Amino acid sequence: MFWTQSREHEFQKMVEKSDSDQQSVRVRFAPSPTGYLHIGGARTALYNWLWARKSGGVFILRIEDTDMERSTQDSVEEILEGLRWLGLDWDEGPYFQTQNLEKHKEAADKLLREGHAYRCFCSKEDLDNQRKEAESKKIAFMYDGRCRNLTPEQVQANIEKGMTSVVRFGVPRDAHSVVAFDDAVYGRIEKRARDIEDFVILRSDKSPLYILSNAVDDALDKITHVIRGADGLANTPKQILIYNALGIEPPIFAHMPLTLDNKKAKLSKRVHGEVVTISYYRRRGFLPWALCNFLALLGWSSPDGREFFSRDELIDIFDLSRINRHNSIFNYVSGDPKNWTDPKAIHFNATYVRSMSLNDLTPYVKNELKNNDLWSDCYESTEKEWFLNTIDLIRTRYHVITDFSTKGRFCFSDDFEFDPKAVIKNLYQDANLAKYLPELARGLNTLPVFDPEKIEGIFRDLAEKKQVKAGLIINASRTAVSGSSVGPGLFELLAILGKERVVKRLNQSVRLIENA
RNA sequence: GUCCCCAUCGUCUAGCCCGGCCUAGGACACAGGCCUUUCACGCCUGCGACAGGGGUUCGAAUCCCCUUGGGGACGCCA
C-alpha cells in the first residue's frame, strides 16, 4: 500500500537494466561521517578510484549518514577535503544515504508484501536477555524466528494491541540452502543459509538498517563493483539474499584485506592518534601521490614487482585480481621521531621528493614557504632559476615538504637558528676560526665569478696557507652559513647562497665563536 | 561459543591457481663497507621467512587433511 506504482516501476527498470547490456563500471566509496578519513578508508577509496579510472567507469562518493547521532558535518568536510587532497576525484555525489531513506523503506515494504520479510514483535529487552544468556553459556545465539510463522490475523491483532515491531528478512530455510558468490579477491564464498539468522532490516521506528540501505543504494546507484574492506565479507551473503529477493542482480564484490596495527588490532585514532588520519600526513608534509602509492602497495602488488608508479602507470597496471587475501600491518611504532609513521611510507615520500620533476615539486614547496612567510614572488620571476636550483640542491636529503621550511629555512631567510651541537662541533673547535672565517670572507669577496670551483680554490688556498685541514674551515663555514652540521656539498651551497650572504654570515659568525 | 576468512624474512610482498626453473626473489628497516668536507643519495655486503604435523607425488612454499595461530562477523551500529 505504501508501494507506489512509480517506485515499483523504478525497481522493475533496475532489474531489466541489470541483466541486459554489460554496463560500464560504476564503483563507490561509502564512508560514514562519524570521524575522520583514515588510512584504511583512503586505501578503500583509492582502490575504487583506480578501478573506475582503469575501466573508464564512474567513481561515486556516497556519505552513509544514517547514524544520525554520530554523523557530523565536520566529518563530511574532512572526508571530502582528504579525498580532494589525495587527488581521488569523484564523478558523482556526494550523495547522502539519508536522502534515500524513503526508498529503503519502500524496498522493505516490498519484501514484506512479497513474503521475503516479516514483522517481528519480540522486544529488544527480551532479545538482549537471550543474547546475554547465550553468551554466558558460551553457546551461539541466533534469533529463533519465532515470529516468522505468525498468521496475518495474529500480526494484525498484535498491531492493534499497539505492539511495536521490527521487520526481519526471512532467510530461506530449505534443508540445504546455500548462499554463494564469487568474490573478485577471495574467490568463491559459500555460506549455509541455516548459519544466517533472520536479520532486521527495519527498526521499530521504521528506519532502515545499514544492511538494507547499503544494498538498495548500491542498486539505485547501479554499482557494478563493490570494493570494500574484508569486514564486509560477513555481510555479503545477507545482502545477496536481499538482492535476490528484490529481483536485482547483485554487483560483483571485491573485498580487500584489512590493515591492522603491529599488534594486529584495528587502527583507530583513539589508540594510535593522528598517525592514522589522512590530514596528519598533509600537515607533516607528505606528497599526496606518495601516500597513495604507498597505500596501493598495502595489499596489492604489481605483476612485475615495481613499486613506484605515476598515476597513469598505476591506473594502467592496477587490477583487482592482484589484491592479496591476508591482512597487512601498518608498521607504526609510537615514540620514534625519525620513523614517525610506517618507515616505508616515509621512504616513498622521500624518494618522490628527491626524484620527481622540479616542475611538479615546486607548487608544494611554494605552498610550504608561503605558510611560513618565506615565500617571495620573485621566485617565480626574476629569481626563478635560483629558486629551482636551490630546491634541487637541498631536496636530496629531505623526506617531507615541511623540511623545506625548517631544515631549508637558511636558504630563504637570514633569520634561522643555529643548532647548538653544530656550533660546538664546528665553530668552537678551533679558536683561530675567529680569524680564519673573516679572512675567508675577504678572499671570497674578491671573486668576480662566484661558482663552486672558484670558491673551492679560495678554501684550499687558505687551508694550505694556515696549515690546517680543509675540513676545519669547510665544516665551520657550513655551520656559519646554514646553522647546521649537515647539508649539501658546501661549495655548491655557497654558490647558491650568493657572495653577499655568504660573506655576511661568515663575518657574523665571529661573534658566535668569541662567545664560546 | 557459532560461522566465514587468512597464514612466506621484523614490516610490505613475489612465487601458490597450472607442483620441478626456489640452496625461496624484491622493497623497507637494521648492521657493516665504499664514495666523501658533513649529512644524505648511490653502490656493495650482511642479517633475515615457506607456522607445526600428516598425507598425495619420483619431486611440495605450491595440491589435500588435521592442529595451532591470527583476523572478521554474529546489534532495532555503519
Side-chain angles (χ1 to χ4, degrees), chain A residues 30-34 64-67 69-71 97 120 122-124 127-128 131 134-142 164-168 183 186-187 189-192 194-197 199-205 207 209-211 213-214 229-238 255 257-258 260 262 264-266 294 297-308 324-333 339 342-348 350-351 354-355 396-399 422 425-426 456 459 463 469-479 484-491:
Chain A
S32 57
T34 53
E64 303 209 318
D65 58 345
T66 47
D67 185 343
E69 287 180 15
R70 295 193 302 152
S71 296
Q97 193 158 59
C120 167
C122 299
S123 75
K124 186 164 180 2
L127 291 171
D128 283 346
R131 217 183 321 267
E135 203 171 309
S136 69
K137 286 183 184 164
K138 296 217 172 216
I139 53 172
F141 172 78
M142 202 182 277
T164 59
S165 64
V166 298
V167 175
R168 281 183 189 273
D183 191 278
Y186 285 88
I189 306 274
E190 292 188 357
K191 182 140 175 151
R192 289 182 302 257
R194 65 157 193 258
D195 292 322
I196 305 173
E197 77 169 351
F199 51 97
V200 179
I201 55 175
L202 229 52
R203 298 184 182 87
S204 49
D205 67 0
S207 63
L209 268 90
Y210 162 82
I211 193 102
S213 299
N214 180 258
D231 46 351
L233 209 47
N235 273 332
T236 311
K238 294 179 184 171
H255 287 90
L258 267 16
L260 310 169
N262 52 19
K264 297 197 170 150
K266 246 182 173 169
F294 166 74
L297 261 14
L298 230 45
W300 173 88
S301 62
S302 82
D304 61 5
R306 274 181 69 194
E307 296 198 307
F308 284 87
N324 64 211
R325 288 183 273 274
H326 58 267
N327 295 343
S328 54
I329 289 173
F330 182 67
N331 195 15
Y332 157 75
V333 182
N339 292 318
D342 190 311
K344 193 151 181 170
I346 294 176
H347 170 254
F348 268 76
T351 301
R354 69 168 174 268
S355 64
T396 57
R397 37 227 99 196
Y398 293 171
H399 293 165
K425 184 180 166 207
N426 290 337
E456 179 163 7
F459 271 81
K469 276 195 286 189
L472 176 73
I473 27 183
I474 288 173
N475 289 327
S477 301
R478 176 189 305 288
T479 302
S484 172
S485 62
V486 302
L490 185 76
F491 310 123

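These numbers were taken from a predicted model, which means no experiment stands behind them. Order of the sequence lines fixes the chain letters, A, B, ..., with proteins taken first and strands second; residue numbering starts at 1 for each chain.
- Base-pair partner of B:rU36: not found among the strands shown (Watson-Crick or G-U wobble, both distances under 3.5 Å).
- Spacing of P atoms, B:rC39 relative to B:rG33, comes out at 12 Å, to the nearest Å.
- Listed for the A:Tyr186 side chain is a donor-acceptor partner under 3.5 Å among the backbone atoms of A:Arg325.
- Each of A:Ser302 and A:Asn339 has a nearest nucleotide on RNA chain B; the 5'-most of these lies closest to A:Ser302.
- Under a 3.5 Å cut-off, the side chain of A:Arg397 and the backbone N or O of A:Gly487 do form a donor-acceptor pair.
- Base pairing of B:rU57: no nucleotide in any strand meets the Watson-Crick or G-U wobble criterion (both distances under 3.5 Å).
- Between the P atoms of B:rA61 and B:rC22, the separation comes to 13 Å (whole Å).
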Can you tabulate the close N/O pairs, meaning under 3.5 Å, that link protein atoms to atoms of nucleotides 39-42 of chain B?
unit_1	atom_1	unit_2	atom_2	d
B:rC39	O2	A:Arg397	NH1	2.6
B:rC39	O2	A:Gly487	O	3.3
B:rC39	N3	A:Arg397	NH1	2.4
B:rC39	N3	A:Gly487	O	3.4
B:rA40	O2'	A:Thr396	O	3.3

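- Taking atom CG on A:Asn475 and atom P on B:rU37, their separation rounds to 10 Å, with Å as the unit.
- Counting only heavy atoms from C-beta outward, the side chains of A:Val167 and A:Val200 never approach each other to under 4.5 Å.
- Using Watson-Crick or G-U wobble geometry with both donor-acceptor distances under 3.5 Å, B:rC74 finds its partner in B:rG1.
- Distance A:Tyr332 OH to B:rU11 C1': 16 Å, rounded to the nearest Å.
- In this entry B:rC22 has no Watson-Crick or G-U wobble partner, no candidate having both defining distances under 3.5 Å.
- Taking atom C1' in both B:rC50 and B:rA24, the straight-line distance is 8 Å, to the nearest Å.
- Of the N and O atoms on the side chains of A:Arg306 and A:Ser302, not one donor lies less than 3.5 Å from an acceptor on the other residue.
- Proximity note for A:Ser328 (side chain, C-beta onward) versus B:rU13, B:rA27, B:rU37: the nearest is B:rU13.
- For A:Ser301 (side chain) and A:Leu297 (main-chain N/O), no donor-acceptor pair under 3.5 Å exists by modelled atom type.
- Straight-line distance between the P atoms of B:rG15 and B:rG42: roughly 26 Å, to the nearest whole Å.
- The base-pairing partner of B:rG69, taking Watson-Crick or G-U wobble contacts with both distances under 3.5 Å, is B:rC6.
- Taking atom CG on A:Asp195 and atom P on B:rC3, their separation rounds to 6 Å, with Å as the unit.
- Comparing A:Leu298 and A:Phe491, the nucleotide of RNA chain B nearest to each residue sits closer to the 5' end for A:Leu298.
- Using a 4.0 Å heavy-atom cutoff across all strands shown, A:Ile329 reaches sugar-phosphate atoms only and no base atom.
- Here B:rG46 sits opposite B:rC30 as a Watson-Crick or G-U wobble pair (both hydrogen-bonding atom distances under 3.5 Å).
- Using a 4.0 Å heavy-atom criterion, one finds that A:Arg478 contacts the bases of the nucleic acid, with or without backbone contacts as well.
- Between A:Leu260 and A:Phe330 there is no side-chain heavy-atom pair separated by less than 4.5 Å.
- Across the protein-nucleic acid pair, A:Asp304 atom CG and B:rG25 atom C1' stand 14 Å apart, rounded to whole Å.
- Across the C1' atoms, B:rC21 and B:rC16 are found 15 Å apart, a figure rounded to whole Å.
- Here B:rC16 sits opposite no nucleotide as a Watson-Crick or G-U wobble pair (both hydrogen-bonding atom distances under 3.5 Å).
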What are the atom names and distances for every N/O pair under 3.5 Å that joins the protein to nucleotides 69-78 of chain B?
unit_1	atom_1	unit_2	atom_2	d
B:rG71	OP1	A:Lys264	O	3.4
B:rG71	O2'	A:Asn327	ND2	2.9
B:rG75	OP2	A:Arg131	NH1	2.8
B:rC76	OP1	A:Arg131	NH2	3.3
B:rC76	O2	A:Ser204	N	3.2
B:rC76	O2	A:Ser204	OG	3.0
B:rC76	N3	A:Ser204	OG	3.1
B:rC77	OP2	A:Arg203	NE	2.4
B:rC77	OP2	A:Arg203	NH2	2.8
B:rC77	O3'	A:Arg203	NH2	3.1
B:rC77	O2'	A:Asp67	OD2	2.9
B:rA78	OP1	A:Arg203	NH2	2.5
B:rA78	OP2	A:Arg203	NH2	3.4
B:rA78	OP2	A:Tyr210	N	3.2
B:rA78	O3'	A:Glu64	O	3.4
B:rA78	O3'	A:Thr66	OG1	3.4
B:rA78	O2'	A:Ser32	OG	3.2
B:rA78	N6	A:Asn235	ND2	3.1

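- Using modelled atom types, one side-chain atom of A:Asp183 and one backbone atom of A:His255 make a donor-acceptor pair closer than 3.5 Å.
- Under a 3.5 Å cut-off, the side chain of A:Ser484 and the backbone N or O of A:Val486 do form a donor-acceptor pair.
- When heavy atoms are screened at a 4.0 angstrom cut-off, A:Ile189 is found touching the sugar-phosphate backbone but no base atom.
- For the residue pair A:Asp65/A:Ser71, the side-chain donor-acceptor check at 3.5 Å is not satisfied.
- Nucleotides B:rA40 and B:rU36, compared at atom C1', are 11 Å apart to the nearest Å.
- A salt bridge does not link A:Glu197 with A:Lys238: none of the charged nitrogens is closer than 4.0 Å to a carboxylate oxygen.
- Across B:rU56 and B:rA14, the matching C1' atoms stand 26 Å from one another, rounded to whole Å.
- Straight-line distance between the P atoms of B:rC6 and B:rA78: roughly 28 Å, to the nearest whole Å.
- Proximity of a side-chain donor or acceptor of A:Asn324 to a complementary backbone N or O of A:Trp300 within less than 3.5 Å is not detected.
- Counting to the nearest Å, the C1' atom of B:rA14 and the CH2 atom of A:Trp300 are 12 Å from each other.
- Minimum atom distance to the side chain of A:Arg192 is reached by B:rC3, of the listed B:rG1, B:rA14, B:rC3.
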